[in-house]
Amino acid sequence: MKMELGIQQKLQHKMNLSVQLVQSIEILQLPALELSTIIKQELEDNPTLEVLEEKTSQSDEKTDDKPEEKSSADRETVEKAEPSTMEILDETRDRPEPERPAFIRGGDDKKMDAFQNAPAKSVTLQDYLYQQFMMMEISDEVKKIGENIIYNIDHNGYFQASLEEIVRTTGVSLEQGESVLKLVQKLDPSGVGARNLAECLLLQLQEDDPNLELKKVLITRHLDNIKLNKLPVIAKELNLDIEEIKIAVQEIIGLNPHPGADFSSEKVPYVLPEIIVDKVDGHYEIRVDDSYIPRLSISAYYRSITKDKESSAKVKEFIRNKIISAKRLIAAIQLRQTTLYRIAEEIVSVQKEFLDQGLAYLKPLQMKEVARQLSLHVSTISRAISNKYMQTPRGIFSLKFFFSRPGDSSVGETRTHNRVMELIKKMVDNEDKKNPLSDEIIVDELKKEGFGLARRTIAKYRKVLRISSSMGRKQY
């Protein structure tokens, strides 16, 4: 009997550890905003979990440190606000929620604003266009053609289908199809429904623009020259002053080549740096920003139920299980924050030269090295840095930015790569914009610094740095 009891206890202990481990892993890899959503759900589902609210300015101003005593009437009100133990277990009727912290009820804690509003479902470009189109005074036949056109417009705002195919399936003439397409092209945003870039830009021109005709000519006949920045060629062909061409081209460049992009259905991640690194008196200080994560605790009220002799065993078991669940969540969050801090500390220690002097001094760092230093598994490091960001004096970086994969270049090669990019960027930033440096000149300048690179290699570096060719950078 004792042996069976011992085996049962070991199995129970092992199972509890496994549950705790799984939850810790899940919490570790969540970014802050997703974690805040999980916590909100737990606060709603688990009545034993509550938030430790910060003291208000009024309470801080009180000179009496003793907690304010409640009157008998106040105590009665509090007791009535709490749900009874039978209401907790009774699933056949509505159960009143226990009092929630201020930030759940709509309090003033700005740090908890993320909990208040879930993002609304985004309106697609097609739906937005369709809503406008249906408000027009048009026939049902035109509505049918327009609907077919609208739902064949891509996420950038371009009409990608064949108009001939649409008019064939709707049983109308090509002339009717063209006239309906022109109606669609008058909708907001300006430029939508175009079949190519030139048409998209033409649709965005204003009829009262004094340079309207010049811009039409530039768009219809000289887009390629504009892309290559060949303004003298355009000026010579049109027999116009280059300054006049330059002004018109700048205004054309200001038009939107992707009018539907603002309605893209793709989710753009919101970057929230959880780790803040500041340089104070020559030293780097690290902190993990937990402003989106409330301080959690176990409700004293529900703890008391487990010790209440009048409460049934079933009620006590229910409450104990909820308390265990709450403790696991609190422990998992604490472990997550501690792990993030330790990893950040190791990164800052290794990458101090990068923080001091810039990209050329970024050192290759592998996860296994950090895992060994912190006595953690590599998978733990991988999960911890996933979708996490660090704010530094050099900017905001993904934690993955500081790590290299096994088999990457050596320290010397990586430093060379970063140093070359830094030198090229510096040269281009300081060049004479009316006479920009060619790749050949950059090659010669880099030779003086001890880097023997081919011209095609410089072109590859420029592409990585998103730097145009010398022709594209030239200002007239």
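With 3.5 Å as the limit, one finds no donor-acceptor pair spanning the side chains of Gln131 and Asp127.
Proximity of Thr48 to Phe318: side-chain heavy atoms (C-beta onward) are nowhere separated by under 4.5 Å. Residues Ile149 and Phe159 meet the side-chain proximity criterion, which asks for heavy atoms closer than 4.5 Å. Annotation: side chain of Ile286 is in contact with side chain of Val348 (closest heavy-atom distance under 4.5 Å). Taking the side chain as every heavy atom from C-beta outward, Ser349 and Tyr284 never approach each other to under 4.5 Å. Between Leu202 and Leu205 the shortest side-chain heavy-atom distance falls below 4.5 Å. Annotation: side chain of Phe403 is in contact with side chain of Val370 (closest heavy-atom distance under 4.5 Å). The closest side-chain heavy-atom distance from Leu125 to Leu129 is below 4.5 Å. Considering only heavy atoms from C-beta on, Thr392 stays 4.5 Å or farther from Ile276 through its side chain.
No side-chain donor-acceptor contact under 3.5 Å links Asn46 to the backbone of Glu42. A donor-acceptor pair is defined here as one N or O able to donate and one able to accept, closer than 3.5 Å; such a pair exists between the side chain of Asn152 and the backbone of Asn148. Side chain of Gln204 to backbone of Cys200: a donor-acceptor contact under 3.5 angstrom is found. Although no hydrogens or angles enter the test, the distance criterion places a donor-acceptor pair under 3.5 Å between the side chain of Arg462 and the main chain of Ile467. Listed for the Ser325 side chain is no donor-acceptor partner under 3.5 Å among the backbone atoms of Asn321. Between the side chain of Glu285 and the backbone N or O of Asp278, no donor-acceptor pair lies under 3.5 Å. Asn387 places no side-chain N or O within 3.5 Å of a backbone atom of Pro31 that could act as its donor or acceptor partner. Side chain of Ser311 to backbone of Lys307: no donor-acceptor contact under 3.5 angstrom is found.
Tyr130 is linked by a ring pair (Phe, Tyr, Trp, His ring centres under 6.0 Å) to Tyr151, counting only residues two or more places apart in sequence or in another chain. Glu445 pairs by the salt bridge (Lys or Arg N to Asp or Glu O under 4.0 Å) definition with Lys448, not counting sequence neighbours. Taking Val249 as the reference, Leu218, Ile226, Leu231, Ile245, Ile253 meet the side chain to side chain contact (heavy atoms under 4.5 Å, CB included) condition, with sequence neighbours excluded. By the side chain to side chain contact (heavy atoms under 4.5 Å, CB included) test, Thr306 pairs with Ile319, Arg320, Ile323, sequence neighbours left out. Taking the salt bridge (Lys or Arg N to Asp or Glu O under 4.0 Å) definition, one finds that Asp429 meets it with Lys425, sequence neighbours left out. Residues meeting the salt bridge (Lys or Arg N to Asp or Glu O under 4.0 Å) test with Lys327, sequence neighbours left out: none. Applying the side chain to side chain contact (heavy atoms under 4.5 Å, CB included) rule to Ile458 yields the partners Ile424, Asp439, Ile442, Val443, Leu446, Leu453; only residues at least two apart in sequence or on another chain are considered. By the salt bridge (Lys or Arg N to Asp or Glu O under 4.0 Å) test, Lys433 is found to be paired with Glu431, residues two or more places apart in sequence or in another chain being considered. Residues meeting the side chain to side chain donor-acceptor pair (under 3.5 Å) test with Gln160, sequence neighbours left out: Asp154. Leu197 is linked by a side chain to side chain contact (heavy atoms under 4.5 Å, CB included) to Tyr158, Leu201, Leu223, Lys227, Pro257, counting only residues two or more places apart in sequence or in another chain.
Heavy-atom minimum distance, Met390 versus Ile347: CE-CG2, 4.2 Å. The minimum heavy-atom distance between Asp188 and Gln132, with the atom names listed, is O-NE2, 2.8 Å. Closest approach of Ile153 and Gln126 over heavy atoms only: O-NE2, 2.5 Å. Nearest heavy-atom pair, Ala32 versus Leu272, reported as atom, atom and distance to 0.1 Å: CB-CD2, 3.6 Å. Nearest heavy-atom pair, Pro259 versus Ser190, reported as atom, atom and distance to 0.1 Å: CB-O, 3.5 Å. The heavy-atom pair separating Pro436 from Arg473 by the smallest distance is CB-NH2, 3.9 Å.
Here the two rings, on Phe397 and Phe354, have centers that are under 6.0 Å apart.
In this structure, CD on Glu346 lies 10.5 Å from CG on Leu376, to the nearest 0.5 angstrom. With rounding to the nearest 0.5 Å, the separation of OG1 in Thr339 from CG in Leu374 is 8.5 Å. The structure places CD of Glu369 at 8.5 Å from CD of Gln373, a figure rounded to the nearest 0.5 Å. Annotation: the span from Leu399 atom CG to Tyr389 atom OH amounts to 9.5 Å, rounded to 0.5 Å. The CG atom of Asp224 sits 9.0 Å away from the NZ atom of Lys230 when rounded to the nearest 0.5 Å. Atom CE in Met471 sits 8.0 Å away from atom NZ in Lys474 (nearest 0.5 Å).
More than 12 heavy atoms of other residues, nucleotides or ligands lie within 6.0 Å of NZ in Lys279, so this atom counts as buried by the packing criterion.
Under the side-chain contact (heavy atoms from CB on, under 4.5 Å) rule, Ile333 has a single partner from Thr338, Leu30, Ile293, Ile38, which is Ile293.
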Side chain to side chain contact (heavy atoms under 4.5 Å, CB included) between Ile275 and Val277, worked out: CA-CA 7 Å; Ile275 298 165; Val277 178; 4.3 Å; yes
Glu274 and Arg336: CA distance, side-chain angles, deciding distance, salt bridge (Lys or Arg N to Asp or Glu O under 4.0 Å) verdict: CA-CA 12 Å; Glu274 293 189 57; Arg336 174 190 187 274; 2.8 Å; yes
Chi angles and distances behind the side chain to side chain contact (heavy atoms under 4.5 Å, CB included) call for Ile27, Ser24: CA-CA 5 Å; Ile27 294 297; Ser24 295; 5.9 Å; no
Evaluate the criterion side chain to side chain contact (heavy atoms under 4.5 Å, CB included) for residue pair Leu203 and Val192; output intermediate values, then yes/no. CA-CA 8 Å; Leu203 288 170; Val192 77; over 6 Å; no
Check the pair Glu50 / Leu296 against side chain to side chain contact (heavy atoms under 4.5 Å, CB included), numbers first and verdict last. CA-CA 6 Å; Glu50 63 181 18; Leu296 302 175; over 6 Å; no
Listed pairs under 3.5 Å, donor-acceptor, residues 378-386 side chains, sequence neighbours left out:
| from | atom 1 | to | atom 2 | distance (Å) |
| --- | --- | --- | --- | --- |
| Ser379 | OG | His377 | ND1 | 2.9 |
| Ser379 | OG | Arg383 | NH1 | 3.4 |

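For residues 189-199, the pairs satisfying salt bridge (Lys or Arg N to Asp or Glu O under 4.0 Å) are Glu178-Arg195, Arg195-Glu199, with sequence neighbours left out.
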